[in-house]
Amino acid sequence: MITTIRIQREPFDAATEAKKLSAKRTDVGALVTFTGICRGNEGAEPIAALTLEHYPGMAEAEIERHVTEAIERWPLLGVTVIHRHGRIVPGEDIMMVATASSHREAAFAAAEFLMDYLKTRAPFWKQVEKADGKIWVEAKATDDVAAGRWAAPDKKHQAAE
Amino acid sequence: MITTIRIQREPFDAATEAKKLSAKRTDVGALVTFTGICRGNEGAEPIAALTLEHYPGMAEAEIERHVTEAIERWPLLGVTVIHRHGRIVPGEDIMMVATASSHREAAFAAAEFLMDYLKTRAPFWKQVEKADGKIWVEAKATDDVAAGRWAAPDKKHQAAE
Amino acid sequence: MTIKLRYFAWVRERVGKAEEDVEVPAGIATVGELMTWLASRGEEYAHAFDNPKVIRAAIDKTHVKPQSPIGTASEIAFFPPMTGG
Amino acid sequence: MTIKLRYFAWVRERVGKAEEDVEVPAGIATVGELMTWLASRGEEYAHAFDNPKVIRAAIDKTHVKPQSPIGTASEIAFFPPMTGG
């Protein structure tokens, strides 16, 4: 099992990172890579850049907790999560998740699970630079719904309390 | 909308192909890449290689039909499907699907949809070279189940007939 | 009516050829009936089509069901369930 | 009891600082009670905590709910719903 978790200011190369999960081995049959890219607009308005603030220490711990849960839930052979912080301009990669498995179902499910949890549980906050100033991006209710679908039946009850 | 469909004997570079979907544009926020890789075993037995036979003409047409359906169902900005045929050794890439969208939900759903349909509807057949000879890989019932989940309600009835 | 038949994967191996032009007898209306008739054409065909339920078919490069009419097909293909991807 | 408080995103901006050490009065047992007390510490705190329902909290880098006891926390963080990924 190869597990890589990195939080960094510097750009990364998603392709290079993903390839490491299947290099020099012949048990990986499926590799899923998700790359989150900075768009040039937020809603209908153009943005000049976004700045990601994070909670050092907790961000790593939250990601690690969810990577561990993904490994327990699906037969994975490798997981990579890289998330940048600081100022990012449109067209640049913000973050990536890559999952490797023998079969595609596990790789897809784990990648989606990790993305849904990163969106709603990892302590990162996006601020966008619009023409009229800097605005904190609001969390989307649809992201909470997406994360909720992964809850175990007993946890769903808990979450509803 | 960038659409690329290729069926080829030659290897391809999944990373290079995926990057084309987001290069020089700032509307792509999510890029999902699936790479199917030749494993060194089939079940518990080691294999020396696999050979992919396909139905020229129909393979392209089937993939195109499903790419068109994916574009109708999800707000995509780009789709790439590349599938090799011929002899492929363990560790080599067999095929890839890449989907680009503004948001992750569409990119993930379209990539999974295309994979499920490629597995069950695109006319390709895998033969593996084992120690005791060449064996045609059997279709998995789980793949049909996976493809079935994308059927529209009215199509589900049709499929059950 | 002359139709080009194409065979893939183990159907091709069992029949012993990848394609052939066949004069389909009058009275054969559906893909399923064509399979039954093909199975009667000799040992290799009988072997290829002995379990028609596991064989898939395409008319002019589009998936069809056993009950689909042959109609004015110019090319009909038979093959096992697909295993690509 | 002295606890390090940390603020992120617009909570940090409204409070006007990223962190501070605070002497929490006796009787403040839960995270929610701590937020209510913080809101009473001045205009900037009142602004930051005027709608505690939208503020999330973590004790020693683990998500907690408003009803969670402060216990022996050494660091408590307040921040808006996360928007990473």
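All chains are named by letter (A, B, ...) in the order of the sequence lines, taking the proteins before the strands, and each is independently numbered beginning at 1.
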Checklist entry - Any salt bridge between B/E42 and B/K126, counting N to O under 4.0 Å? => result no

Checklist entry - Top residue by heavy-atom pair count (under 4.5 Å) with chain A, among B/V89, B/N41, B/L31? => result B/L31

Item to check | Segment of B/K24 engaging chain A (4.5 angstrom heavy-atom cut-off) | outcome: neither

Checklist entry - So, A/D13 and B/K19, do they make that salt bridge, N to O below 4.0 Å? => result yes

Checklist entry - Roughly how far, to the nearest 0.5 Å, is the CZ atom of A/F34 from the CZ atom of B/F108? => result 5.5 Å

Checklist entry - Just by distance, do the side chain of A/S101 and the backbone of A/P75 share a donor-acceptor pair under 3.5 Å? => result yes

Checklist outcome for this item: If one checks every heavy atom of B/E105 against chain A at 4.5 Å, the contacting part turns out to be side chain

Item to check | Residue pair B/E45 / B/V128, side-chain heavy-atom distance below 4.5 Å | outcome: no

Item to check | Spatial distance of atom CD (A/E62) from atom OH (A/Y117) [nearest 0.5 Å] | outcome: 10.5 Å

Next on the checklist: So for B/A146, is it side chain, backbone, both, or neither that comes closer than 4.5 Å to the heavy atoms of chain A?
Outcome noted: side chain

Next on the checklist: Tell me which of these, B/A15, B/G40, B/G29, has more heavy-atom pairs under 4.5 Å with chain A than the rest.
Outcome noted: B/G29

Checklist outcome for this item: From the list A/D116, A/T16, A/T142, A/I94, the residue making the most non-hydrogen contacts under 4.5 Å with chain B is A/D116

Item to check | Per-residue contact mode, B/T99 against chain A (heavy atom under 4.5 angstrom) | outcome: neither

Checklist entry - What residue, out of B/G91, B/A30, B/A18, has the most heavy-atom pairs lying under 4.5 Å from chain A? => result B/A30

Next on the checklist: Main chain of B/H66, side chain of B/R121: is a donor-acceptor contact present, judged purely on distance under 3.5 Å?
Outcome noted: no

Next on the checklist: Please classify the contact between B/S22 and chain A as side chain, backbone, both or neither, with a heavy-atom cut-off of under 4.5 Å.
Outcome noted: side chain

